[in-house]
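Down below is the structure, laid out as structure tokens.
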Amino acid sequence: MVSEPQRRQYLEAMGLPTWEARYRLPFAEPTEACEWALPEMSPRGPRQGVEALRDASRVDAPVHTTPAHTAPVTAPSQPGKAQADDASSVSPRSARALLEGHVELPEHEKRESVTEAVPSEPTQAPLAFSWSVAALEGRWLIVALGGEVSPRHQALLRALLAARRIFPSQPVAFESFEWPIVEGLLCHDPLGDAQDGIRAFIRGRQERGWFIERVLTFGSDDTLSSVLGIENEHSTLLTLPVWQGPALGELDTADAKRALWAGLEPWHEWWHGSTDERAQRLDE
């Protein structure tokens with residue numbers, strides 16, 4: 001179950017703006033005030049939250065969450081009240097009782113609910129990290145550690161690409177990706193939530209034309225390796241090959257650039273691969 005703060009966090013990572021009314025429009029019905037607590041989060045699979053949000057965003061529909069013990073509203077037993085007791089006549093207090101489970105459940109539902117696990121309160125602080133991220137013509141995802149990429153280091157990256165005869169048609173534009181997006185939001189699984197955020201970020205950019213074939217990282221730490229799931233030059237999170245190099249800030253000397261030169265050799269082949277090879281990678 002995804003709470004409202006989590007839903008907004010994933011949507012923001014996907015690049016989908018959320019809208020909330022600040023003012024009452026003329027002649028609009030007032031919104032009834034309520035004091036409902038946020039639904040408790042239950043453990044979920046790593047892809048469930050992001051996939052649900054992506055599907056919901058495609059049809060411009062919000063993601064609705066319902067507590068596990070919501071009881072169905074049954075039709076009235078008296079025929080004469082069938083038309084009067086419709087959904088619009090349910091009082092806010094009655095609706096809240098339904099949502100909070102303060103109604104009597106049928107016996108068969110009681111028996112089933114006994115076996116359901118009660119979700120625990122989220123008590124762990126999320127992983128915290130800040131990356132600079134860019135997509136080289138939507139094909140290579142570039143992740144740079146060490147804060148904002150300065151103009152001097154951007155020029156260095158262009159020089160490295162040019163040295164391997166890679167000339168992008170558009171400048172490499174970095175943007176900051178910080179996690180968590182919502183401060184003070186606790187979670188059950190810090191690593192899983194961070195990976196959900198990365199998936200949401202990539203999914204949102206794919207809708208705008210990104211077709212990532214490879215990941216290039218400049219700099220490394222335990223958080224980067226665990227979130228991307230880097231094993232044997234491969235990201236288990238994104239199911240993509242990963243090239244790892246030193247941080248751009250560590251390439252200020254001639255010796256450091258010389259040591260990196262051999263590691264740049266496969267770049268040209270990866271970038272100028274045949275159309276059939278690229279199509280095969282995209283299908284995978």
Side-chain angles (χ1 to χ4, degrees), residues 129-177 179 191 194-195 197-199 201-284:
F129 56 88
S130 177
W131 299 344
S132 291
V133 182
L136 191 61
E137 293 193 351
R139 293 176 52 189
W140 288 3
L141 179 67
I142 303 176
V143 180
L145 303 188
E148 184 179 354
V149 179
S150 66
R152 182 165 61 90
H153 290 150
Q154 292 186 36
L156 172 60
L157 177 59
R158 290 194 298 269
L160 295 176
L161 293 169
R164 304 311 304 166
R165 298 196 298 272
I166 300 175
F167 302 97
S169 58
Q170 297 179 350
V172 181
F174 281 91
E175 57 182 304
S176 176
F177 180 85
W179 191 263
L191 177 59
Q195 291 179 331
I198 295 295
R199 286 194 186 96
F201 177 81
I202 298 297
R203 292 289 188 187
R205 273 61 183 180
Q206 283 177 335
E207 299 291 340
R208 306 176 191 179
W210 283 19
F211 296 97
I212 302 300
E213 306 168 7
R214 186 173 299 273
V215 181
L216 274 62
T217 64
F218 289 90
S220 62
D221 59 17
D222 292 340
T223 301
L224 176 71
S225 299
S226 60
V227 172
L228 293 183
I230 299 178
E231 297 178 1
N232 300 322
E233 300 181 350
H234 190 270
S235 169
T236 58
L237 175 70
L238 303 177
T239 62
L240 291 172
V242 178
W243 178 92
Q244 294 179 278
L248 291 173
E250 300 174 2
L251 298 174
D252 292 334
T253 66
D255 290 340
K257 297 173 185 176
R258 191 178 300 110
L260 179 64
W261 180 253
L264 303 180
E265 184 174 354
W267 282 17
H268 181 269
E269 181 180 353
W270 294 339
W271 185 259
H272 296 284
S274 66
T275 304
D276 293 339
E277 291 175 348
R278 289 190 58 200
Q280 182 179 358
R281 287 195 295 268
L282 290 176
D283 290 339
E284 294 174 354

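Looking at heavy atoms from C-beta onward, Leu251 lies in side-chain contact with Leu160 at the 4.5 angstrom threshold. Annotation: side chain of Phe177 is in contact with side chain of Ile198 (closest heavy-atom distance under 4.5 Å). Residues Leu141 and Leu240 have side chains not in contact (no heavy-atom distance under 4.5 Å, counting atoms from C-beta outward).
Residue pairs that meet the side chain to side chain donor-acceptor pair (under 3.5 Å) test with at least one member in residues 142-152, sequence neighbours left out, are Ser150-His153, Arg152-Asp252. Listed by first then second residue, pairs satisfying salt bridge (charged side-chain N to carboxylate O under 4.0 Å, His left out) with a partner in residues 230-250 number zero, not counting sequence neighbours.
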Pairs under 3.5 angstrom only: tabulate donor-acceptor contacts from the side chains of residues 255-265 to other protein residues two or more places apart or in another chain.
unit_1: Asp255; atom_1: OD1; unit_2: Arg258; atom_2: NH1; d: 2.7

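Contacts of Glu137 classified as side-chain hydrogen bond (donor to acceptor under 3.5 Å, both in side chains), with partners at least two apart in sequence or in another chain: Ser169. For Ser225, there are no side chain to side chain contact (heavy atoms under 4.5 Å, CB included) partners, not counting sequence neighbours. Remark: Thr253 pairs with no residue by the side-chain hydrogen bond (donor to acceptor under 3.5 Å, both in side chains) rule, at least two apart or across chains. Qualifying side-chain hydrogen bond (donor to acceptor under 3.5 Å, both in side chains) partners for His268, counting only residues two or more places apart in sequence or in other chains: Arg165. By the side-chain hydrogen bond (donor to acceptor under 3.5 Å, both in side chains) test, Gln244 is found to be paired with no residue, residues two or more places apart in sequence or in another chain being considered. Listed by chain and residue number, Leu228, Leu237, Leu238, Val242 satisfy the side chain to side chain contact (heavy atoms under 4.5 Å, CB included) test with Ser235 (two or more places apart in sequence, or in another chain). Thr223 is linked by a side chain to side chain contact (heavy atoms under 4.5 Å, CB included) to Phe129, Asp221, Val227, counting only residues two or more places apart in sequence or in another chain.
Taking CZ of Arg203 as the reference point, atom CZ of Arg208 lies at 15.0 Å (rounded to 0.5 Å). Taking CZ from Phe211 and CZ from Arg139, the interatomic distance works out to 12.5 Å, rounded to the nearest 0.5 Å. With values rounded to the nearest 0.5 angstrom, Leu161 atom CG is found 6.0 Å from Ile142 atom CD1.
The heavy-atom pair separating Phe174 from Ala144 by the smallest distance is CE2-CB, 4.2 Å. The two residues Trp267 and Ile166 come nearest to each other via the heavy atoms O-CD1, 3.8 Å. Across Pro241 and Glu213, no two heavy atoms sit closer than the pair CD-O, 3.5 Å. Annotation for Ala173 and Ala134: closest pair O-CB, 3.3 Å, computed over non-hydrogen atoms. In terms of heavy atoms, Ala194 sits closest to Trp179 at CA-NE1, 3.6 Å. Between Leu136 and Pro168, the shortest heavy-atom contact is CD1-CG, 3.3 Å.
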Might you work through the side-chain contact (heavy atoms from CB on, under 4.5 Å) test for Arg164 and Trp271, ending with a clear yes or no? CA-CA 9 Å; Arg164 304 311 304 166; Trp271 185 259; over 6 Å; no

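For Trp140 and Trp243, the ring centers are positioned 6.0 Å apart or more.
Put simply, the residue from Leu157, Leu145, Val143 that forms a side chain to side chain contact (heavy atoms under 4.5 Å, CB included) with Phe218 is Leu157.
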